[in-house]
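Down below is the structure, laid out as structure tokens.
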Protein chains: 2
Amino acid sequence: MIKLLLAEDHHLVRGAFVALLGAEPGIEVVAETGRGDEAVRLAVELRPDVAMLDIDMPGLDGLAAAERIAQEAPGCRVMIVTAHGRPGYLRRAMAAGVRGFVGKDNSAAALAKVIKQVHDGGRYIDPELAADALTMEECPLTPRELDTLRAASGGAPVSRIARELSLSEGTVRNYLSSAVTKLAVENRHAAVRRARDMGWL
Amino acid sequence: MIKLLLAEDHHLVRGAFVALLGAEPGIEVVAETGRGDEAVRLAVELRPDVAMLDIDMPGLDGLAAAERIAQEAPGCRVMIVTAHGRPGYLRRAMAAGVRGFVGKDNSAAALAKVIKQVHDGGRYIDPELAADALTMEECPLTPRELDTLRAASGGAPVSRIARELSLSEGTVRNYLSSAVTKLAVENRHAAVRRARDMGWL
DNA sequence: GCCCCGCCATGACAAATGTCATCCAGGATC
DNA sequence: GATCCTGGATGACATTTGTCATGGCGGGGC
């Protein structure tokens, strides 16, 4: 019997997952939560065989939670289920030692199969998402450029970004400009959008 | 037996819903789809008692689908299930004659109850979302302002927006400026964000 | 009819943004 | 130690923006 920890922020979807996977022979849902930090705590406490995490959750996002679980509950295998096929997410997940990565576009049967595969020490990456990630170049932005993009994401003016990061306005403009060039877009707002779409932000 | 049409774009979530609601006594899922246009077609063809629609779907979004179903399959009662509690969405849904509006944060039991309530001719609005919509002012933007905001949403420069809408650049700047003022934000990009958050865009 | 409002358009000016040449510090290389 | 390179930082300059005052046009409402 595979002991499964389930983390997904929407009650309804989570409840549906529990119903679905609870019916699956060989799988037992031992805990469920809607928060990432909560998921880490439960993984440490209950030591499930597999933790299945959504990405966007309050408290701690699924990728960060995966990293923490890998450190604090090493026996627990982690898989990510997400609606957003951002290529960068897959990269981060791999770096965190995640063993399964599937989109919410898959069938329930496929999901159960992946859970078992992951439990048996295997790996499974959604082929479509994997293709995206492989054909895609590495994030070309430097840490500083990412910082400024992040700070600019709310539409904040350069002056505020500069204050926030304790930089001169000129410097901020430079980083943004260089990000815009690298991403081949027209201005920083488009750059923010693009970086976010890629899962880099 | 309530005949239910289910429309939700993620296979996995949809499958889970089917499993969940199929187990519910008195409810029978007669059709399921991941596309809005498909949902309209199925509603017309199968005449289910209740159609349960997600908002973000390919083909036709849930709100537009709701409008079409109200016209083309009047006997079918429509309810919306969504992850995004944008106040504007609720408004549009009400205008389309939707009889149920719930967030994905609810429990499965609550969902089944709402389905039955809607089927019996009642209405149900998620109290939390309703409160948001009521405390919130109507969208203050003119159609033209919305057009320009929409065109600006990708981070496009004014020149391109002007070409797209066949307006002079000055006019575009005017609309955007007025939108920025009305929404009390710092620039058009923040205005786009805000309008989108409100469900106005 | 008259007035108001939304829509379209100009021009001018101030402020924010994008671009570029340049410089510095530290690590890698030879 | 001299050199090269990269990421980080800066200020000057051109361009793009946001803002404001203004005016014309057409359709509803009174």
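Everything numeric in this text was worked out from a predicted model, so none of it was measured.
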Worksheet item: For L176(A), which contact category applies under a 4.0 Å heavy-atom criterion: base, sugar-phosphate, or nothing?
Response: nothing
Open item on the list: What I want to check is whether the side chains of T171(B) and S168(B) have a donor and an acceptor closer together than 3.5 Å.
Closed with: yes
* With a non-hydrogen cut-off below 4.0 angstrom, is N187(A) in contact with a base, only sugar-phosphate, or nothing? -> sugar-phosphate
Taking NZ, NE, NH1 and NH2 as the nitrogens, is one of them in R150(B) or D147(B) under 4.0 Å from a carboxylate oxygen of the other? yes
Q) Has S159(B) got a side-chain N or O lying under 4.0 Å from the OP1 or OP2 atom of dT16(D)? A) no
With L6(B) as partner, the option from V50(B), V30(B), L21(B) fulfilling side chain to side chain contact (heavy atoms under 4.5 Å, CB included) is L21(B)
Handout entry: Test item: side-chain donor near acceptor, E169(B) and S159(B), under 3.5 Å
Key = no
Rounded to whole Å, CD of E169(B) lies from C1' of dT15(D) at a distance of 12 Å
Got more than 12 heavy atoms from elsewhere within 6.0 Å of CD, E128(B)? no
Assign each of L167(B) and G170(A) the nucleotide of DNA chain C bearing its closest heavy atom; nearer the 5' end lies the nucleotide of L167(B)
When rounded to whole Å, the OH to C1' distance for the pair Y175(A) and dA9(D) reads 6 Å
Min and max contacting nt of DNA chain C in 5' to 3' order, chain B heavy atoms within under 4.0 angstrom, are dC7(C) to dT10(C)
**Prompt:** Is S168(A) touching bases, backbone alone, or none of the nucleic acid, heavy atoms closer than 4.0 Å?
**Reply:** sugar-phosphate
Nearest-nucleotide check on DNA chain C, S178(A) vs R144(B); residue mapping nearer the 5' end is R144(B)
Look at atom NZ of K113(A) and say whether more than 12 heavy atoms of other residues, nucleotides or ligands are closer to it than 6.0 Å.
no
| Does R173(B) make a side-chain donor-acceptor contact with the base of dG18(D), cut-off 3.5 Å? | yes
> Under 4.0 Å between a side-chain N or O of R188(B) and OP1 or OP2 of dT17(D)?
Replying inline: yes
(request) Look at all strands and tell whether T142(B) reaches a base, only sugar-phosphate, or nothing, counting heavy atoms closer than 4.0 Å. (result) sugar-phosphate
The salt bridge (charged side-chain N to carboxylate O under 4.0 Å, His left out) partner of D54(A) among R14(A), R35(A), K104(A) is K104(A)
To the nearest angstrom, the NZ-P distance between K182(B) and dT19(D) comes to 14 Å
